[in-house]
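What you see below is based on every heavy atom in this structure, not just the backbone, and it leaves out hydrogens, waters and symmetry mates. Each chain gets a letter, A, B and so on, in the order its sequence line appears, and its residues count up from 1.
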There are 2 protein chains.
Amino acid sequence: MSSDPPGFELPLRLFMGFRMIIDELHAELARQGHPDVRPMHGFVMQAVGPHGTTAVDLGRTLGVSKQAAGKTIDTLERLGYVERSTDPADSRRKIVKLTPHGIDALMKSAAIFDDLRRTWSHTLGEDRLRALEEDLRTMTPPDFFRLDIPGWFGGL
Amino acid sequence: MSSDPPGFELPLRLFMGFRMIIDELHAELARQGHPDVRPMHGFVMQAVGPHGTTAVDLGRTLGVSKQAAGKTIDTLERLGYVERSTDPADSRRKIVKLTPHGIDALMKSAAIFDDLRRTWSHTLGEDRLRALEEDLRTMTPPDFFRLDIPGWFGGL
DNA sequence: GTAAAATAGACAACCAAGTTGTCCATAAGG
DNA sequence: CCTTATGGACAACTTGGTTGTCTATTTTAC
């Protein structure tokens with residue numbers, strides 16, 4: 001009987017798996033006309049969602065301060081992925097919406113993610129991959145969103 | 001027959017799993033006398049290793065510039081986890097070594113990682129957990145180290 | 001109906017971790 | 001010996017985060 005693998009291997013492998021998928025996503029995204037979208041931007045654009053949001057709200061969704069959310073929106077706006085407009089019903093608020101360019105990036109990301117999952121399925125077998133996903137679902141909180149990825153590595 | 005899960009769930013779950021383990025590690029480490037060690041520091045200390053290293057070497061191991069490695073060493077030195085001494089055989093080089101405090105942090109980390117793995121084993125069953133680890137080993141590069149975690153999230 | 005409180009966003013100063021570029025001291029090799 | 005390579009330090013800049021302060025607007029409460 002072989003002994004258990006050291007405990008530190010598990011988080012490392014989880015991270016390496018994550019990183020491989022994200023790196024391949026962005027390499028492919030670069031090839032498909034989105035060379036300057038960064039890992040974080042994808043999450044932020046997902047959090048912006050189809051109906052738009054505000055800086056304060058986005059901050060809440062992502063688990064960062066409204067100022068940090070505002071700065072990220074600045075960047076995304078400069079890159080042409082989102083645009084801001086004033087809320088006619090409340091002139092304090094600025095509604096942040098995805099541009100067509102942003103929507104394109106999101107749709108291409110979804111297709112690439114599906115392709116990458118097919119690669120894993122091909123290598124591991126669909127049964128094993130489903131078991132892996134199921135086990136991860138068991139061990140992690142049920143809600144996808146609110147992953148507060150931005151700034152996680154700095155934040156402790 | 002149920003359809004495949006969306007491709008983007010897999011990287012998210014991998015990351016959430018990683019994050020949960022690392023967050024729990026650091027919560028426990030804080031309780032055990034290491035409140036200010038950050039996720040990155042653990043990886044850096046692992047890379048420093050028992051024999052010590054230099055800034056240039058550490059940068060190579062971690063995949064960052066020597067300047068970045070130097071700054072991280074500054075931080076770790078200020079926190080008391082490593083110390084620098086001049087190499088008697090080459091007065092250009094400064095040898096970076098773990099202090100007893102650093103070694104303590106590393107040993108406690110290993111024990112906590114093993115505990116956390118036992119929790120996963122308890123919930124999923126040892127067989128499923130081993131299958132999960134085996135599948136991740138299949139999908140990720142074989143070498144643990146050289147994970148160039150520091151600065152990854154900024155870097156593309 | 002107006003005064004007080006809450007909210008949205010902007011701006012500034014700062015931190016952490018990374019980058020490139022420059023420079024100096026020491027070591028190694030022609 | 002003189003030239004080149006190496007290790008480390010310093011500076012300026014980039015990103016993504018933080019707090020704190022400030023203004024404009026909207027909501028609430030009397």
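- Base contact: A:A68 has a heavy atom under 4.0 Å from a base atom.
- Residues that satisfy the side-chain hydrogen bond (donor to acceptor under 3.5 Å, both in side chains) test with A:S65, not counting sequence neighbours, are absent from this structure.
- At C:dA10, one or more side-chain N or O atoms of A:R84 fall inside 4.0 Å of OP1 or OP2 (strictly under the cut-off).
- One hydrophobic cluster holds both A:L79 and A:F43 under the rule that ILVMFWY side chains link at heavy-atom gaps under 4.5 Å.
- Summarising the geometry, the separation between NE2 on A:H41 and C1' on D:dG17 is reported as 13 Å, rounded to the nearest angstrom.
- Atoms CG (B:D57) and P (D:dG7) sit 8 Å apart, rounded to a whole Å.
- Remark on DNA chain D: of its neighbouring residues A:K66 and A:T75, the 5'-side contact belongs to A:T75, judged by nearest-heavy-atom nucleotide.
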All N/O donor-acceptor pairs, side-chain side in residues 102-109 of chain A, below 3.5 Å, sequence neighbours left out:
residue: A:D104; atom: OD2; partner: A:H34; partner atom: NE2; Å: 2.7
residue: A:D104; atom: OD2; partner: A:K108; partner atom: NZ; Å: 3.1
residue: A:K108; atom: NZ; partner: A:Q32; partner atom: O; Å: 3.3
residue: A:S109; atom: OG; partner: A:A105; partner atom: O; Å: 2.8

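- For the pair B:M40 CE and D:dG17 C1', the interatomic distance rounds to 14 Å; values are reported in whole Å.
- Residues meeting the side-chain contact (heavy atoms from CB on, under 4.5 Å) test with B:R118, sequence neighbours left out: B:D114, B:D115.
- Residue B:L79 contributes atom CG, which lies 14 Å from atom C1' of C:dC15 at whole-angstrom precision.
- Distances from the side chain of A:V64 to the nucleotides D:dG17, C:dC11, C:dG9 place D:dG17 closest.
- Partner A:E126 forms a side chain to side chain donor-acceptor pair (under 3.5 Å) with one of A:H122, A:R128, A:R130 and no other, that one being A:R130.
- As a whole-Å value, the separation of A:Q67 CD from D:dT21 P is 12 Å.
- A straight line from CZ of A:R60 to P of C:dT7 spans 8 Å, rounded to a whole angstrom.
- Shown here are the side-chain contact (heavy atoms from CB on, under 4.5 Å) partners of A:D90, two or more places apart in sequence or in another chain: A:D87, A:R92, A:R93.
- Of the candidates C:dA17, D:dG16, C:dA8, the closest approach to any side-chain atom of B:K71 belongs to C:dA17.
- The side-chain contact (heavy atoms from CB on, under 4.5 Å) check on B:R84 picks up B:I73, B:D74, B:E77, B:K94, B:V96, with sequence neighbours excluded.
- An OP1 or OP2 oxygen of C:dT19 is reached within less than 4.0 angstrom by a side-chain nitrogen or oxygen of B:S65.
- Of the residues in residues 85-96 of chain A, those placing a heavy atom less than 4.0 Å from an atom of DNA chain C are A:R92, A:R93, A:K94, in numerical order.
- Between B:F43 atom CZ and C:dG18 atom P the separation is 13 Å, expressed in whole Å.
- Rounded to an integer number of Å, the gap from A:I73 CD1 to C:dC11 P is 14 Å.
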